[in-house]
Each structure stands twice: as structure tokens, then as C-alpha cells.
Engineer: 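For reference, the structure I am asking about is given below.
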Amino acid sequence: KTTSNALIQNLTIKNIKIAEGATYAGAIVAENEGVIKNCTIIQDEKLENEPNILASTYAGGICGTNMGTVDNCRVQNQTIVLRNSKEDQERFVGGIAGINGASNNSQTATIKNSCIVTSVVKDDFNKTEFDSNLNYNFKNNFSNIKYFVGGISGANFYLITKNYVFESNISANEFSK
């Protein structure tokens, strides 16, 4: 976790792998409150079915959560995945940050001038047990679930500007919509 006066800049990370088990995950930091700028995260090749950034609640190419500033950063050939079997838990995944800001304190959370290129961002929720009743009511059973998936950020509570997503797959499985 970075503090509000932290600065991470001019960094390139190549071929990173963050193993399963983390609640928060990002290639640079799990939780950002400072400034991350001019950073690149790159894999030699995109392995669509083999996550290299994996978390259960917050995952992003740069940071799991952002309460600070991410500026001029690039995420390329990453496979960023949320994997969790708890259907009642909120989850956030994005190409740059899992979540940008928080609903109660977001005056500085900013993602700008950044991009995600040829990457995969997805929620990989695995629901294996269903009610045997053929009239299973998805609306009643899934109405309180909040899964957020986005190219730049899974959810945003302050400012996202001048970013782009190029040739990337952004998805939620059928029970994460």
C-alpha cells in the first residue's frame, strides 16, 4: 500500500505473475493513495487462459484500488482476473485499477492519459451449485450481487480522463452480469 505522499515513476515491469490468494492485486501496488506515473506493465505474450494478475476482490493492471493518481501508464498483454466463489461479495476488476476512488472519499482518485492494450480483463465467478427448481429466479437470487468489470476501472467514483482500451477482451461470465 502506498501513502498519499508516495511517488512511483518511470518503472517498467515485465512478465509479472501475482498468484492466487490475494484480496487486492496490481502489478505495481495493491492499494494506491499516492502518484504512479510513466509506468509500463508488459508480458512477452498474452496468455488468455492463464492469469498473471489474480485476486479475489480488487484487481487491476496497475493497482487493485486507486485513491491517488495514475498518470501515463500502459498495461499490455496482461490477463487480469477476479476469481472468487462467494456470490454475496462485491468485486472490482479493471485494466488499470479494480476501483477508482470510493463513494465516501474520492476527491483525488484520478486515472488519466493511460491505456490497456491487447489484454484480458474478466471476472471468473464460478457458481457450481444451483437450486434444482427449474423456475430458478436469477433476479431474486442475484439482485444484491455487485460485480464490476471495466476496461480502465471496474468502478469509478471520481475522475477518469483521456485513457483508451485497444484490442482487449473485457468480460464477466454469465453469472457476473
Engineer: Going by the side-chain hydrogen bond (donor to acceptor under 3.5 Å, both in side chains) test, which pairs reach into residues 53-63, not counting sequence neighbours?
Structural biologist: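 Sorted result for residues 53-63: T57-Q89.
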Engineer: Is a side-chain donor-acceptor pair under 3.5 Å present for N113 with N72?
Structural biologist: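 Per modelled atom types, N72 and N113 side chains form no pair under 3.5 Å.
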Engineer: Determine the sole option in I62, T110, I8 for which the side chain to side chain contact (heavy atoms under 4.5 Å, CB included) test with V70 is passed.
Structural biologist: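 Per the side chain to side chain contact (heavy atoms under 4.5 Å, CB included) rule, the option paired with V70 is I62, out of I62, T110, I8.
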Engineer: Can you confirm whether the side chains of D71 and T69 place a donor and an acceptor under 3.5 Å from each other?
Structural biologist: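 T69 and D71 do not have a side-chain donor-acceptor pair below 3.5 Å.
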Engineer: Kindly give the heavy-atom pair with the smallest separation between S114 and N163, and that separation in Å.
Structural biologist: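 Smallest heavy-atom distance, with atoms named: N-OD1, 2.8 Å.
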Engineer: Between N52 (side chain) and Q78 (backbone), is there a donor-acceptor pair under 3.5 Å?
Structural biologist: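 Not confirmed, N52 side chain does not pair with Q78 backbone.
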Engineer: Which Ile, Leu, Val, Met, Phe, Trp or Tyr residues join V35 in one cluster when any pair of side-chain heavy atoms under 4.5 Å counts as a link?
Structural biologist: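 Besides V35, the hydrophobic cluster comprises L7, listed by chain and residue number.
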Engineer: Tell me whether K14 at atom NZ has more than 12 heavy atoms from other residues, nucleotides or ligands lying less than 6.0 Å away.
Structural biologist: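 No.
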Engineer: Would you say N77 and E45 are linked by a side-chain donor-acceptor pair, where the criterion is simply a distance under 3.5 Å?
Structural biologist: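 Result is no, nothing qualifies.
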Engineer: Mind running side chain to side chain contact (heavy atoms under 4.5 Å, CB included) on I80 and V75 for me, showing each step along the way?
Structural biologist: CA-CA 10 Å; I80 306 160; V75 173; 4.3 Å; yes
Engineer: Not counting sequence neighbours, list each pair that qualifies as a ring pair (Phe, Tyr, Trp, His ring centres under 6.0 Å) and has a residue in residues 28-50.
Structural biologist: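 Listed once each, the pairs would be none.
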Engineer: Quick check: does any side chain N or O of S168 sit under 3.5 Å from a backbone N or O of S119, one acting as donor and the other as acceptor?
Structural biologist: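 Yes, because the side chain of S168 sits within donor-acceptor range (under 3.5 Å) of the backbone of S119.
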Engineer: Output yes when a side-chain donor or acceptor of T108 lies under 3.5 Å from a complementary backbone atom of M67, and no otherwise.
Structural biologist: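 Such a contact is found between T108 side chain and M67 backbone.
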Engineer: Counting distance only, does the side-chain N/O of Q76 pair as donor-acceptor with the main-chain N or O of I41 below 3.5 Å?
Structural biologist: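 Here the side-chain-to-backbone pair does not exist.
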Engineer: Just by modelled atom types, is the L159 backbone N or O under 3.5 Å from a matching donor or acceptor in the K112 side chain?
Structural biologist: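 No, because the side chain of K112 does not come within donor-acceptor range (under 3.5 Å) of the backbone of L159.
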